[in-house]
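Only one structure is covered here, and it is reproduced in the block below.
Because the structure is predicted, anything quoted here is derived from the model rather than measured. All ligand and atom numbering here is 1-based and tracks the order in the structure.
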Amino acid sequence: MAIQDLANGQAAAPASDAGGRSGGDDIKAHFVFIPIMFQGHLIPAVDTALLLATHGALATVVVTPSYTSRIRPTIDFAHTSGLPVRLLELPLDLAAEGLPAGADDVDKVPPDLWTNYFRALARLRTPLERQLLADADVAHPVTCVVADFCHPWAKELAASLRVPRLCFFSMCAFCLLCQHNVERFGSYDGVADANELVVVPGLERRVEVSRAQAPGFFRDMPGFEKFGDEVEQALVEADGIVTNSFLEMEPEFVAGYAGARRMKVWTVGPVSLFHHRTTTTTSASRGNTAAIDADECLMWLDDKEPSSVVYVSFGSLAQANSKQVIELGLGLEASGHPFIWVVKNAHQHGQDVIEFLHELEGRVAGRGMLIRGWAPQVMILSHVAVGSFVTHCGWNSTMEAVAAGLPVVTWPHFADQFLNAKLAVEVLGIGVDVGVTEPVMYRMDLKEIVVGREVVEKAVRSVMDGGEEGEERRRRARVLAAKARDAVEEGGSSYGNLLDLVKRFEVDTAGCVVATA
Ligand SMILES: O=c1ccn([C@@H]2O[C@H](COP(=O)(O)OP(=O)(O)O[C@H]3O[C@H](CO)[C@@H](O)[C@H](O)[C@H]3O)[C@@H](O)[C@H]2O)c(=O)[nH]1
């Protein structure tokens with residue numbers, strides 16, 4: 001499929017100069033974003049593409065068909081605002097990798113076929129290259145590929161297009177540096193127990209982590225070892241790194257990671273703050289169609305005291321088993337605080353959970369709201385009535401809490417979440433930890449309760465009240481939010497980094513890409 005202005009269902013015109021800040025003729029940089037199709041990766045990539053567009057670049061976002069409709073409202077908003085953003089939809093060759101129909105939606109990839117899914121993604125390279133060359137808009141040639149770190153094949157793509165390539169992470173520099181250092185200094189060597197804590201080397205402060213909590217990218221996953229090496233090699237050979245973080249939050253770690261990688265790191269976040277300039281409808285459907293009417297949700301929140309509501313959500317991937325769902329619900333009920341609780345895949349639970357949720361709703365009517373499915377998270381978090389966030393510490397959620405000035409209850413499940421939780425609790429001082437120490441990729445059929453109702457209740461009371469300590473935590477969260485806002489405003493660090501990206505990766509008058517990363 002050709003590059004399309006899919007929002008309008010027509011072939012895209014050269015970047016619009018109608019009403020946007022970026023006149024078509026002024027566009028000299030064209031970034032092609034290749035996200036991986038997980039919401040935790042796709043959403044921040046789209047926001048970053050839009051932010052670059054507000055700074056005068058053309059941005060093309062590559063999507064596979066199942067995800068087009070999920071980002072359409074955001075892209076529609078961009079078009080209405082005259083921002084030069086385009087979608088390039090490419091189907092995956094599922095059959096070639098033995099994947100069932102519909103498996104370009106990651107929720108439909110059978111667990112034993114994950115390696116096949118990643119191979120199918122790598123097959124995008126040839127059609128994408130062909131498409132970008134065929135659609136090359138002479139006035140706006142591609143000047144830079146920004147590929148999720150999970151796409152090592154983008155290395156060859158950028159080389160063929162003869163343009164620089166940046167690695168995109170929606171992760172904090174703290175996590176990237178800790179992970180890098182434990183691997184580089186062999187901290188896990190000779191440590192048989194994956195849950196044994198080791199001290200992360202090369203940091204000024206003492207941080208302890210276990211291999212189970214920070215296993216590295218893919219290398220510990222059966223079947224993905226070689227892929228993990230390819231990811232690392234592609235990162236080593238990248239022309240720079242773009243992250244959804246901001247300098248003032250973690251200056252020593254941004255500098256440390258850039259130094260360790262000997263690479264420029266552009267912090268451009270919090271990218272969710274782009275939505276401060278969108279409409280309620282756009283922000284409410286960021287990443288997917290919300291399972292609740294935005295106005296209904298806002299009315300419910302309007303009725304609550306400032307900073308009184310606890311928001312509870314575990315992102316787009318983590319899944320709680322039935323017993324844990326019940327335990328969490330009872331803990332929230334016992335906390336006595338108003339809450340909004342996002343229950344993913346509620347319909348997949350057994351009758352016991354369905355009845356429990358129904359009865360709970362009756363008992364906490366007016367005080368507790370359940371959202372079964374996708375929540376308008378950024379819209380909710382930015383409401384004045386919300387006072388804290390119980391989170392799995394996916395990096396986007398963590399940044400969204402920071403941007404909203406909220407203290408968090410940290411309940412990591414897997415991947416980078418343990419390190420993000422450490423950043424929130426130990427470095428930023430805005431978190432109360434529930435005490436999970438080992439990763440759990442929750443499955444419905446698991447029987448264990450990982451966090452009991454009393455622990456939930458105590459953590460919620462602590463983050464919402466918590467005496468002087470709680471007040472200090474809330475104060476730190478407010479200060480951090482002010483820094484986050486400053487970072488994305490004119491003159492701020494993230495704003496400056498976006499401008500710098502646009503400037504560095506533009507085409508000069510001789511048609512060469514100016515890339516000085
Ligand atoms: O009902 C929902 C659920 C999620 N979101 C949004 O979806 C994104 C979820 O991202 P994140 O909080 O990072 O969680 P995951 O979906 O779990 O993200 C994956 O990707 C992240 C970025 O690399 C990693 O930090 C996580 O560990 C990994 O699980 C956020 O922007 C949320 O605002 C909603 O808007 N509504």
Side-chain angles (χ1 to χ4, degrees), residues 35-48 67 70-71 73-74 106-107 148-151 167-176 178-179 213-218 231 241-245 269-275 278 282-292 294 297 311-320 340-346 369-382 386 389-404 406 408 410-424 436 439-442:
I36 193 157
M37 302 295 136
F38 292 89
Q39 261 123 326
H41 294 234
L42 177 62
I43 292 172
V46 170
D47 286 349
T48 306
Y67 290 86
R70 302 188 201 190
I71 59 173
T74 310
V106 293
D107 291 337
D148 193 283
F149 74 96
C150 299
H151 290 314
C167 245
F168 183 80
F169 283 99
S170 189
M171 289 188 194
C172 56
F174 171 77
C175 163
L176 291 169
C178 289
Q179 192 64 69
Q213 294 170 345
F217 304 126
F218 297 104
V231 166
I241 291 166
V242 178
T243 68
N244 176 20
S245 181
V271 298
S272 63
L273 287 177
F274 174 80
H275 287 269
T278 67
T282 308
S283 138
S285 49
R286 176 176 180 254
N288 213 340
T289 306
I292 183 168
C297 187
Y311 175 73
V312 186
S313 173
F314 297 129
S316 69
L317 294 174
Q319 190 80 344
I340 293 181
W341 177 20
V342 185
V343 188
K344 221 178 5 272
N345 298 333
M369 179 199 277
L370 268 58
I371 299 180
R372 295 170 171 82
W374 193 256
Q377 179 161 309
V378 162
M379 185 196 84
I380 291 173
L381 292 180
S382 58
V386 177
F389 182 2
V390 179
T391 173
H392 69 311
C393 300
W395 183 244
N396 300 289
S397 292
T398 311
M399 274 303 270
E400 289 155 19
V402 165
L406 298 173
V408 289
T410 57
W411 184 333
H413 288 54
F414 51 83
D416 55 337
Q417 297 158 17
F418 286 90
L419 285 168
N420 299 340
K422 281 179 199 292
L423 178 77
V436 180
V440 181
M441 184 63 168
Y442 282 150

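- Against a heavy-atom cut-off of under 4.0 Å, His41 is close to the following atoms of ligand 1: 20 (O), 23 (O).
- Inspection of the Asn396 and His41 side chains reveals no N or O donor paired with an N or O acceptor under 3.5 Å.
- Of all protein heavy atoms, the one lying nearest to atom 16 (O) of ligand 1 is Ser316 OG, 2.4 Å.
- Contact check for Cys172 versus Asn420: side-chain heavy atoms found under the 4.5 Å cut-off.
- The minimum heavy-atom distance between Phe389 and Ala401, with the atom names listed, is CD2-CB, 3.8 Å.
- Judged by distance alone, the side chain of Gln179 and the main-chain N or O of Ala214 form a donor-acceptor pair under 3.5 Å.
- What sits closest to atom 12 (O) of ligand 1 on the protein, heavy atoms only, is Ser397 OG, 2.5 Å.
- With a 4.0 Å heavy-atom cut-off, ligand 1 is reached by the backbone of Asn396 and by its side chain too.
- Near Ala375, meaning under 4.0 Å from one of its heavy atoms, ligand 1 places the atoms 1 (O), 2 (C), 34 (C), 35 (O), 36 (N).
- Ring geometry, Phe169 versus Phe149: the interplanar angle falls under 30°, so the pair is classed parallel (tilted spans 30 to 60°).
- Distances below 4.0 Å separate heavy atoms of Phe414 from the following atoms of ligand 1: 29 (O).
- Among all non-hydrogen protein atoms, the one lying nearest atom 28 (C) of ligand 1 is Gln417 NE2, 4.0 Å.
- Proximity of Phe168 to Thr48: side-chain heavy atoms (C-beta onward) are separated by under 4.5 Å at one or more points.
- Taking each heavy atom of Ser170 and Trp395 in turn, the nearest pair found is O-CB, 3.2 Å.
- Here the CG atom belonging to Leu176 is positioned 7.5 Å from the OG1 atom belonging to Thr243, to the nearest 0.5 angstrom.
- Residues Gln39 and Tyr67 have side chains that never bring a donor and an acceptor to within less than 3.5 angstrom of each other.
- Ligand 1 lies within reach of Trp374, whose nearest heavy atom is under 4.0 Å from it.
- For atom 9 (C) of ligand 1, the nearest non-hydrogen atom of the protein is Gly40 CA, 4.1 Å.
- Distances shorter than 4.0 angstrom occur between a heavy atom of Ser170 and an atom of ligand 1.
- Nearest protein neighbour of atom 8 (C) of ligand 1, counting heavy atoms only, is Ile43 CD1, 4.0 Å.
- Counting protein heavy atoms only, atom 31 (O) of ligand 1 is closest to Glu400 OE2, 2.6 Å.
- Looking at atom 14 (O) of ligand 1, its nearest protein heavy atom turns out to be His392 NE2, 3.0 Å.
- Contact between Phe314 and ligand 1 is absent, with no heavy atom of the residue lying under 4.0 Å from the ligand.
- Side-chain contact check for Leu317 versus Phe38: some heavy-atom pair is nearer than 4.5 Å.
- If you check which protein heavy atom lies closest to atom 27 (O) of ligand 1, you get Asp416 OD1, 2.5 Å.
- Neither the backbone nor the side chain of Lys344 has any atom closer than 4.0 Å to an atom of ligand 1 (non-hydrogen atoms only).
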